[in-house]
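Single-structure report; data block below.
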Amino acid sequence: MEKYLNENLLDGEQILWKGRSAPFKLLAPPYSRTLPILWSASLLVLVGFVFFFIPFARYMHIDSIQILLTIVLAAWIPFIIGLHAVADKKTIEKHVMYVFTNYRAITLTSREMHSMLINASTPYRLELLPDGNEILYIGDACNTKSYASRANTITGIHKGNRKSGHITGLVFYGLRDALDICRQYTPFTEV
C-alpha cells in the first residue's frame, strides 16, 4: 500500500499524517442495534419463505431436490448479509489506511484509493463512540448516518454515479485522537 500511495501522489504533494483504525467490536455502537435487527429480519424473511414455499411446492408437486436448492439459494442472502458486516470489520482493521496530505484526505485499501481535495472550507464532523474510538466524517459524509459509517469507510461517498469515481466525502472509522490529528494536519473547520 505504501508503494501504491507514493506512486499516486500529486506533484508537490506531501504526506502529513497516516494511520489505521483502532480495533473495534463487531457489535459496537452504532451497530449494536442495527446489525441484530438486520440479521433478525433476514432470518425472519428466510423462515417465512420456507414456511410458505414448502406447502406451495408440495401442492405444485415440485421435486424435493428443487425445493432444497431453492431453500439453499434463499438462505444465501441472509448469510451474505451477516457475513458482510464481519468482512467490513476485517477490511477496516487490517486493510485500510487513512492519509492526510497537504492537498487531500485519502482512504487507501489494498485494492483502491479514494481521495478528495480538502481546504479550509471542507466540513468535518467527529463522533465519539462508547469504546473510545472516533469516527471522522469529511465533506458530504458529514450528512450520512452513523450506521452506514463502516460501509462508507470502504466505498467513500459518491455524488451521482459511483462509476464516475468522484468522491465527495470520506469516513475514517476507528480513529483515536481525531480532533488533535485534524487540528495538526488539516485546514479543516469543524461543523
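Since we're looking at a predicted model, the values are computed, not measured. Note that the numbering runs from 1 along the sequence shown for the chain. Note: hydrogens, waters and symmetry copies are ignored here, and every other heavy atom, side chains too, is used.
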Heavy-atom side-chain contact between [X] and [Y] under 4.5 Å:
X: R183; Y: L179; value: yes
X: I71; Y: I54; value: yes
X: R150; Y: F24; value: yes
X: P30; Y: L129; value: yes

List the steps and the verdict of side chain to side chain contact (heavy atoms under 4.5 Å, CB included) for M116 and D140.
CA-CA 11 Å; M116 62 177 284; D140 284 346; over 6 Å; no
Any link between [X] and [Y] through a network of hydrophobic side chains (Ile, Leu, Val, Met, Phe, Trp, Tyr) touching at under 4.5 Å?
X: Y4; Y: L10; result: no
X: L68; Y: V50; result: no
X: V72; Y: I67; result: no
X: I167; Y: V96; result: yes
X: Y185; Y: M97; result: no

Could you label the plane-to-plane angle of the Y173 and Y31 rings as parallel, tilted or perpendicular, counting under 30° as parallel and over 60° as perpendicular?
perpendicular
So which atom in [X] and which in [Y] form the shortest heavy-atom distance, rounded to 0.1 Å?
X: H158; Y: G156; answer: CD2-O, 3.4 Å
X: L117; Y: R104; answer: CD2-CG, 3.6 Å
X: S149; Y: V171; answer: O-CG1, 3.7 Å
X: L26; Y: A85; answer: CD1-O, 3.5 Å
X: I106; Y: E13; answer: CD1-OE2, 4.4 Å
X: L27; Y: P36; answer: CD2-CD, 4.0 Å

Would you please test N8 and M113 for side chain to side chain contact (heavy atoms under 4.5 Å, CB included) and show each step?
CA-CA 9 Å; N8 287 286; M113 182 169 92; 3.7 Å; yes
Got a second to check how far [X]'s [atom1] is from [Y]'s [atom2], nearest 0.5 Å?
X: T70; Y: F53; atom1: OG1; atom2: CZ; value: 4.0 Å
X: L108; Y: R20; atom1: CG; atom2: CZ; value: 8.5 Å
X: I118; Y: C182; atom1: CD1; atom2: SG; value: 8.5 Å
X: L35; Y: D88; atom1: CG; atom2: CG; value: 9.5 Å
X: I15; Y: E2; atom1: CD1; atom2: CD; value: 6.5 Å
X: R58; Y: S64; atom1: CZ; atom2: OG; value: 8.5 Å

Give a yes or no answer on whether the side chain of [X] reaches the backbone of [Y] with a donor-acceptor pair at less than 3.5 Å.
X: S40; Y: I37; value: no
X: N102; Y: Q14; value: yes
X: E134; Y: D177; value: yes
X: N119; Y: P187; value: no
X: R125; Y: Y137; value: no

Is it true that, when you exclude [X] itself, more than 12 heavy atoms of the residues, nucleotides or ligands shown sit nearer than 6.0 Å to its [atom1]?
X: W17; atom1: CH2; answer: yes
X: R33; atom1: CZ; answer: no
X: Y147; atom1: OH; answer: no

Given T153, which partner from the list I92, L170, T91 fulfils the side-chain contact (heavy atoms from CB on, under 4.5 Å) test?
I92
Aromatic ring centroids of F172 and Y98 under 6.0 Å?
yes
